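Just below is one structure, and these are the notes that go with it.
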Amino acid sequence: MDTRDVVSAEILRQPGKCAFLVFDQNVKESLKAIEDYNKMGLLTQGINIAELADKMQIDVTGLAKTIEIYNEYVKKHDDEEFHRSVGSMDRQLSKAPFYAVKCIPAIHYTMGGLKINTKAQVLNNSNEPIPALFAAGEVTGGLHGGSRLGGNAVADYCVFGKIAADSALEYLESIKK
């Protein structure tokens with residue numbers, strides 16, 4: 001099972017079927033996009049961990065312990081619990097105020113999808129082109145395999161969109177004759 005599927009399943013087992021992305025003022029100051037989330041009313045802010053937990057209606061002891069463990073992993077550059085190097089997680093969560101964004105798994109991309117060839121023709125179960133059916137972008141499958149690579153869809157639908165349009169025009173010209 002893909003990591004995305006495992007994480008989504010665990011989130012859906014949580015009370016409220018959600019998780020929270022928690023960060024501090026240092027992280028907020030380092031990412032300008034967070035201000036957009038703030039303007040949309042998506043941020044919950046607490047002057048300390050206890051207030052944040054209270055506003056999120058979650059256990060303050062559990063949140064405080066989780067942040068303590070996370071900060072220790074950052075110090076050691078080793079996440080012992082999930083067996084991964086901390087890498088870019090080089091900032092401890094320590095500067096108030098603290099923030100949270102509620103996260104809920106959602107389907108936002110077709111994994112698998114229609115099989116196409118190099119002319120963007122949709123293929124049937126025998127891998128033969130279906131006449132006059134072309135596809136591109138997120139409805140198609142195969143390019144990403146079993147896991148979506150963020151940002152790659154843009155190139156996918158631009159390139160195969162052009163190929164699909166050219167192929168459709170070629171098909172239309174062929175039936176005019």
Side-chain angles (χ1 to χ4, degrees), residues 1-113 135-161:
M1 190 179 270
D2 193 353
T3 301
R4 172 200 63 244
D5 297 330
V6 172
V7 171
S8 293
E10 290 302 316
I11 290 170
L12 293 172
R13 283 190 190 99
Q14 299 289 328
K17 299 183 184 292
C18 68
F20 294 94
L21 173 63
V22 176
F23 53 94
D24 69 353
Q25 186 63 30
N26 283 327
V27 172
K28 184 175 185 271
E29 290 170 1
S30 72
L31 297 169
K32 292 182 187 213
I34 292 174
E35 192 51 42
D36 292 335
Y37 300 134
N38 192 30
K39 289 176 185 173
M40 290 187 272
L42 299 174
L43 295 187
T44 300
Q45 179 180 332
I47 59 170
N48 54 40
I49 297 300
E51 182 179 271
L52 184 63
D54 184 56
K55 286 182 176 182
M56 293 172 6
Q57 298 179 338
I58 64 171
D59 175 53
V60 65
T61 305
L63 179 59
K65 184 68 176 168
T66 299
I67 291 173
E68 180 184 321
I69 291 168
Y70 172 85
N71 286 341
E72 196 58 37
Y73 290 163
V74 171
K75 261 194 244 180
K76 294 190 291 187
H77 300 287
D78 183 35
D79 180 340
E80 297 164 5
E81 185 174 1
F82 295 100
H83 310 290
R84 61 190 173 123
S85 63
V86 175
S88 65
M89 298 185 317
D90 59 355
R91 297 173 192 219
Q92 291 189 13
L93 302 179
S94 58
K95 183 179 178 185
F98 294 89
Y99 303 88
V101 177
K102 187 176 185 177
C103 302
I104 300 169
I107 296 172
H108 65 96
Y109 190 84
T110 303
M111 296 310 303
E138 294 185 358
V139 73
T140 64
L143 184 69
H144 296 283
S147 181
R148 179 179 181 269
L149 303 172
N152 287 358
V154 175
D156 180 16
Y157 62 70
C158 287
V159 171
F160 280 96

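Model, not experiment: these values are computed from the prediction.
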Any chance you could measure I67, atom CD1, to L63, atom CG, to the nearest 0.5 Å?
4.0 Å

Roughly how far apart are I104 CD1 and I11 CD1, rounded to 0.5 Å?
9.5 Å

Can you tell me how far apart NZ (K65) and CD1 (I49) are? Round to the nearest 0.5 Å.
14.0 Å

Sequence-distant partners of Y99, ring-ring contact (aromatic ring centres under 6.0 Å, His included), two or more places apart:
F23

Which residues share a salt bridge (charged side-chain N to carboxylate O under 4.0 Å, His left out) with K102, sequence neighbours left out:
none

Are the side chain of S30 and the backbone of V27 linked by a donor-acceptor contact shorter than 3.5 Å?
yes

Say whether E29 and Q25, considering side chains only, have a donor N or O and an acceptor N or O under 3.5 Å apart.
yes

For E68, is there any backbone N or O sitting under 3.5 Å from a side-chain donor or acceptor partner on Y73?
no

Tell me yes or no: between the side chains of N38 and E35, is some donor less than 3.5 Å from an acceptor?
yes

Once you round to the nearest 0.5 Å, how far does OG1 of T66 lie from CD of E81?
8.0 Å

Can you confirm whether K55 is buried at NZ, in the sense that more than 12 heavy atoms of other residues, nucleotides or ligands lie under 6.0 Å from that atom?
yes

From S8 atom OG to R13 atom CZ, the distance as rounded to the nearest 0.5 Å
11.0 Å

How long is the straight-line distance from NZ of K28 back to CZ of F98, given to the nearest 0.5 Å?
14.0 Å

Donor-acceptor under 3.5 Å (N26 side chain, K95 main chain):
no

Does Q45 form a side chain to side chain contact (heavy atoms under 4.5 Å, CB included) with L43? I'd like the steps, not just the answer.
CA-CA 6 Å; Q45 179 180 332; L43 295 187; 5.8 Å; no

